**Q** 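Below is a structure I'd like to ask you about.
Index from 1, following the sequence. No experiment lies behind these values; they were computed from the predicted model shown.
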Amino acid sequence: MLLVPKDYIEIDTEKNQEEVMDILRSQTQVQAQLSTSDIRKLTGVNSFFIGEVGYSDFKITRVIYGNNVFRPILKGIVEKKEKGCKISVKLGLATTTVIGLLLSLVLALYLGIKPMFAEVPSSSIIDSIYLWIGLIIASYLYVLIMYKIDLGKAKKKIYEMFSDKPEQEE
């Protein structure tokens with residue numbers, strides 16, 4: 001879908017599959033073991049992600065304080081290569097967030113089109129259409145900005161975790 005933000009990254013690393021999965025596990029709190037209040041307390045903990053890490057795949061999202069339905073979900077698979085491995089990650093919004101966005105769009109369309117069929121002066125119809133278009137654009141930009149902010153943080157952390165270059169000391 002063009003309106004729903006998505007991204008895809010691939011990282012080739014010299015680390016083997018077991019190393020990569022161990023790094024992911026060390027940075028990820030298992031979601032099933034935590035209550036909502038526990039998740040909010042994780043801000044100061046060393047875990048950057050929350051989710052599930054399997055043998056060669058993972059589904060994680062950033063640990064944040066508070067609620068943010070626009071944070072990206074990272075679904076990835078780690079494939080062995082002759083030397084090292086390849087990490088393929090799909091980044092997108094949670095399914096419930098996409099459904100909420102679509103329902104909001106339908107509601108906005110209904111509220112924007114309804115006045116066109118009412119017996120009101122034409123200037124009111126035009127004002128209603130402008131308001132409707134403005135609300136849709138503002139809502140979409142808000143979703144996009146919030147998603148891109150969290151996407152940048154998650155991507156940066158993923159690249160840091162699997163970079164083959166040693167960290168430079170200052």
Side-chain angles (χ1 to χ4, degrees), residues 1-107 138-170:
M1 223 179 195
L2 292 175
L3 293 177
V4 179
K6 292 184 180 183
D7 206 353
Y8 183 80
I9 58 175
E10 279 189 0
I11 301 170
D12 289 317
T13 182
E14 292 179 5
K15 294 175 173 69
N16 64 38
Q17 184 180 21
E18 292 78 25
E19 271 184 285
V20 168
M21 298 312 289
D22 286 342
I23 292 169
L24 269 171
R25 284 187 194 95
S26 72
Q27 291 292 319
T28 305
Q29 278 289 331
V30 180
Q31 191 167 2
Q33 297 175 351
L34 301 171
S35 69
T36 306
S37 60
D38 290 335
I39 292 170
R40 291 190 179 137
K41 293 175 188 172
L42 286 176
T43 307
V45 176
N46 292 336
S47 297
F48 192 81
F49 296 107
I50 185 169
E52 302 168 0
V53 180
Y55 175 71
S56 64
D57 61 340
F58 57 92
K59 181 180 177 183
I60 56 178
T61 189
R62 270 187 355 100
V63 171
I64 61 165
Y65 183 77
N67 295 325
N68 179 359
V69 296
F70 307 117
R71 66 179 184 237
I73 304 292
L74 291 75
K75 295 179 184 178
I77 188 162
V78 181
E79 301 170 28
K80 290 181 183 179
K81 289 179 20 180
E82 194 172 302
K83 184 175 181 186
C85 63
K86 179 175 92 170
I87 307 162
S88 304
V89 185
K90 293 179 188 175
L91 302 103
L93 289 170
T95 305
T96 53
T97 303
V98 173
I99 290 169
L101 287 173
L102 293 176
L103 289 175
S104 298
L105 179 62
V106 169
L107 179 63
S139 299
Y140 179 73
L141 288 176
Y142 176 74
V143 169
L144 194 61
I145 289 168
M146 296 302 291
Y147 173 79
K148 290 292 184 182
I149 288 170
D150 271 343
L151 179 67
K153 292 176 183 176
K155 276 178 144 180
K156 180 181 176 188
K157 184 64 176 182
I158 289 285
Y159 283 122
E160 283 175 8
M161 287 175 12
F162 302 117
S163 173
D164 289 326
K165 298 175 187 172
E167 291 186 27
Q168 296 177 356
E169 295 180 20
E170 293 180 27

**Q** Check whether any side-chain heavy atom of Asn16 sits under 4.5 Å from a side-chain heavy atom of Cys85, and report yes or no.
**A**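 Side-chain contact under 4.5 Å: no.
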
**Q** Roughly how far, to the nearest 0.5 Å, is the CD1 atom of Ile87 from the CG atom of Asp12?
**A**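 Going from CG on Asp12 over to CD1 on Ile87, the span is 8.5 Å.
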
**Q** Go through the structure and list residues passing side-chain contact (heavy atoms from CB on, under 4.5 Å) with Glu82, not counting sequence neighbours.
**A**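 Partners of Glu82 by the side-chain contact (heavy atoms from CB on, under 4.5 Å) criterion come out as none, since no residue qualifies.
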
**Q** To the nearest 0.5 Å, how far apart are CD in Glu52 and CD1 in Ile60?
**A**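 Reported value, rounded in 0.5 Å steps: 11.0 Å.
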
**Q** Measure the spacing between CD1 of Ile158 and CG of Leu24 and express it to the nearest 0.5 Å.
**A**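 Rounded to the nearest 0.5 Å, the CD1-CG separation comes to 6.0 Å.
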
**Q** Of the options Lys155, Lys148, Lys90, which is the one that meets Asp7 in a side-chain hydrogen bond (donor to acceptor under 3.5 Å, both in side chains)?
**A**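 Testing each of Lys155, Lys148, Lys90 against Asp7, the sole residue satisfying side-chain hydrogen bond (donor to acceptor under 3.5 Å, both in side chains) is Lys155.
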
**Q** Write down the atom of Thr61, the atom of Pro72, and the distance for their closest heavy-atom approach.
**A**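 That closest heavy-atom pairing would be OG1-O, 2.9 Å.
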
**Q** Could you tell me the separation between the CZ atom of Phe49 and the CZ atom of Arg62, rounded to the nearest 0.5 Å?
**A**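 The CZ atom of Phe49 sits 8.5 Å away from the CZ atom of Arg62.
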
**Q** Taking Gln17 for the side chain and Val78 for the main chain, is one N or O donor matched with an acceptor at less than 3.5 Å?
**A**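 Pair found, side chain donor or acceptor close to backbone of Val78.
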
**Q** Dump the intermediate steps for side-chain contact (heavy atoms from CB on, under 4.5 Å) on Tyr55 and Glu18, then the final yes or no.
**A** CA-CA 8 Å; Tyr55 175 71; Glu18 292 78 25; 4.1 Å; yes

**Q** How long is the straight-line distance from CE of Met21 back to OG of Ser26, given to the nearest 0.5 Å?
**A**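 Reported to 0.5 Å precision, the distance equals 11.0 Å.
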
**Q** Side chain of Arg25, backbone of Gly54: donor and acceptor closer than 3.5 Å?
**A**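 Such a contact is found between Arg25 side chain and Gly54 backbone.
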
**Q** Mind listing the closest non-hydrogen atom pair of Tyr147 and Leu91 along with its distance?
**A**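 Here Tyr147 and Leu91 meet closest at OH-O, 3.2 Å.
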
**Q** Nearest 0.5 angstrom please: Met161 CE to Lys15 NZ, how far?
**A**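 Result: 10.0 Å between the selected atoms.
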
**Q** Would a distance-only check, ignoring hydrogens and angles, find a side-chain to backbone donor-acceptor pair under 3.5 Å from Thr28 to Ile50?
**A**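 Not at all, since once roles are kept as given, no pair shorter than 3.5 Å links the two residues.
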
